[in-house]
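This structure is a prediction, so every number in the text was calculated from the model and none was measured. Within every chain, numbering begins at 1; the chains are lettered A, B, ... in the order of the sequence lines, protein sequences first and strands thereafter.
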Protein chains: 2
Amino acid sequence: MTHNAAEDPPTEPPPTRREQILAAAAELFARYGFHGVGIDDIGAAVGVSGPALYRHFRSKDAMLGEMLTGISEKLLHGGNARTAGAGTPEHALESLVHWHVEFALTNSALITVHLRDLDSLSEPDRHRVRELQRRYVEVWVRALLDARPGLDEPTARAATHAVLGLINSTPYSARLDTTAMTTLLHRMAMGALDSEPTPRH
Amino acid sequence: MTHNAAEDPPTEPPPTRREQILAAAAELFARYGFHGVGIDDIGAAVGVSGPALYRHFRSKDAMLGEMLTGISEKLLHGGNARTAGAGTPEHALESLVHWHVEFALTNSALITVHLRDLDSLSEPDRHRVRELQRRYVEVWVRALLDARPGLDEPTARAATHAVLGLINSTPYSARLDTTAMTTLLHRMAMGALDSEPTPRH
DNA sequence: AGAGCCAGTTAACGATCATTAACACCCTTG
DNA sequence: CAAGGGTGTTAATGATCGTTAACTGGCTCT
């Protein structure tokens, strides 16, 4: 084990080179799109130039793959954890909203890339990511059906996509300060979900 | 004047070649991204191959430019028309929501490209599009401030982006039939907007 | 001290791709 | 019928860019 400072909890080891590269690449991909960014640009962003990246990644596509499977897994696991620990269905839904809002505000570059460059993935990676996405949406749909009994499933699915779209809009938004933005998005998301009519019996 | 069928109103002349190309290119750009689509792909999609497109457009970037300035102008003019003709502020807001929902459902490919490939534009086109976008958001912000007096402007701006994000999520959504989707999105959008608290006096 | 891996470097290769050149064919218009 | 513009075609050009090759220096471990 390393001679870490004693006060650091074992989480947050110093960011490894791969992580630096992925973070820089995420920012660039978010701004210019996967195909709009060269390997040299990514290298320059971390202070090395060009093909040095191949010491850390098999290919440029592998970077995107790792980036998007990483974010998808984090989203899914976070969503599972939040709903598992919730008491009432209503509280589970609120937890999901809070989780996604927090995540989107903290990782807006990744959100952008995830929405934008999914189709630039290699086929196996794309299927993996889509499967994780599907399961994350499934968590939302189940929570929503629990909290709004009588809502039919296709509508719940469409409503989920809409709420995620609302929350994922943060990258395009001239940002308020983080806490104001958090409460605004939370309130709007819940308002959108509350607006669904109780079905015609 | 052409020998049109007498029953056709003068709107909707047969789609010109440029329009066919732009429509096909929009679909392809939406699916694969601007840089992910070749000039040959676009040609193949309209039944000609490759460089024939240069008889109709100065460059590939010019296609994207025309596509995005076109959609931005349509959005802005539609928004202006809807708010100008509305009686109450509340009705203006509903009109805007209805307009954008209808537009997004009818032109989901253009919405996708607009969100995704804005930064692939040439600089003059990009500025033009951003200016149009800015003005469209301005229409929303003014309508929102009118309908929700006491709301501060930065919050109104952020709320606008969030609602547009909600509505623009349709391309990612497994679609319900159009009328169900329309009412769902309309209701959720209004619910999100209603959720804002009356400011603490 | 020396062997060897880790992480860089620059230069070359090969593919892809937007754009242009050169040429062919209607379809009108005079 | 001749001329010409509008619309295609295929082949060549030139730039960009991901990837690999060949080579170098430092750190660690014995």
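Between R18(A) atom CZ and dA7(C) atom P the separation is 11 Å, expressed in whole Å. Counting to the nearest Å, the C1' atom of dC17(C) and the CG atom of D40(B) are 8 Å from each other. The CG atom of D61(B) sits 15 Å away from the P atom of dC17(C) (whole-angstrom rounding). Atom pair L53(A):CG and dT19(D):P shows a separation of 10 Å (rounding to whole Å applied). The nearest whole Å value for the distance from the CG atom in D41(A) to the P atom in dT16(D) is 12 Å. At whole-Å resolution of the value, CZ in F29(B) and C1' in dA18(C) are 12 Å apart. Rounded to whole Å, atom C1' of dC17(D) lies 13 Å from atom CE of M63(A). Rounded to an integer number of Å, the gap from CD1 of I42(A) to P of dT19(D) is 10 Å.
Side-chain proximity of S59(B) to dT19(C), dT20(D), dC23(D): nearest is dT19(C). Ranking dT20(C), dT9(C), dG8(D) by closeness to the R55(A) side chain, first place goes to dT9(C). Proximity note for K60(A) (side chain, C-beta onward) versus dT9(C), dA18(C), dT19(D): the nearest is dT19(D). The side chain of H56(B) lies closest to dT7(D), out of dT10(D), dG18(D), dT7(D). When the nucleotides dG8(D), dG18(D), dA11(D) are ranked by their closest atom to the side chain of R17(B), dG8(D) comes out on top. For V48(B), whose side chain is taken as the heavy atoms from C-beta onward, the closest listed nucleotide among dT9(C), dT19(C), dG8(D) is dG8(D).
Comparing G50(B) and Y54(A) along DNA chain D, the residue whose closest nucleotide (by nearest heavy atom) sits nearer the 5' end is G50(B).
Using a 4.5 Å heavy-atom threshold, the side chains of F57(A) and L22(A) count as touching. Residues H100(B) and V163(B) have side chains not in contact (no heavy-atom distance under 4.5 Å, counting atoms from C-beta outward).
No donor-acceptor contact under 3.5 angstrom links the side chains of D117(B) and H35(B), judged on distance only.
Within 6.0 Å of CZ on R31(A) lie no more than 12 heavy atoms contributed by other residues, nucleotides or ligands. Heavy atoms of other residues, nucleotides or ligands lying less than 6.0 angstrom from OH of Y32(A) number 12 at most.
Among the atoms of the strands shown, only primed sugar atoms or phosphate atoms (P, OP1, OP2) are found under 4.0 Å from some heavy atom of V37(A).
Checking the phosphate oxygens (OP1, OP2) of dC17(D), no side-chain nitrogen or oxygen of H35(B) falls inside 4.0 Å.
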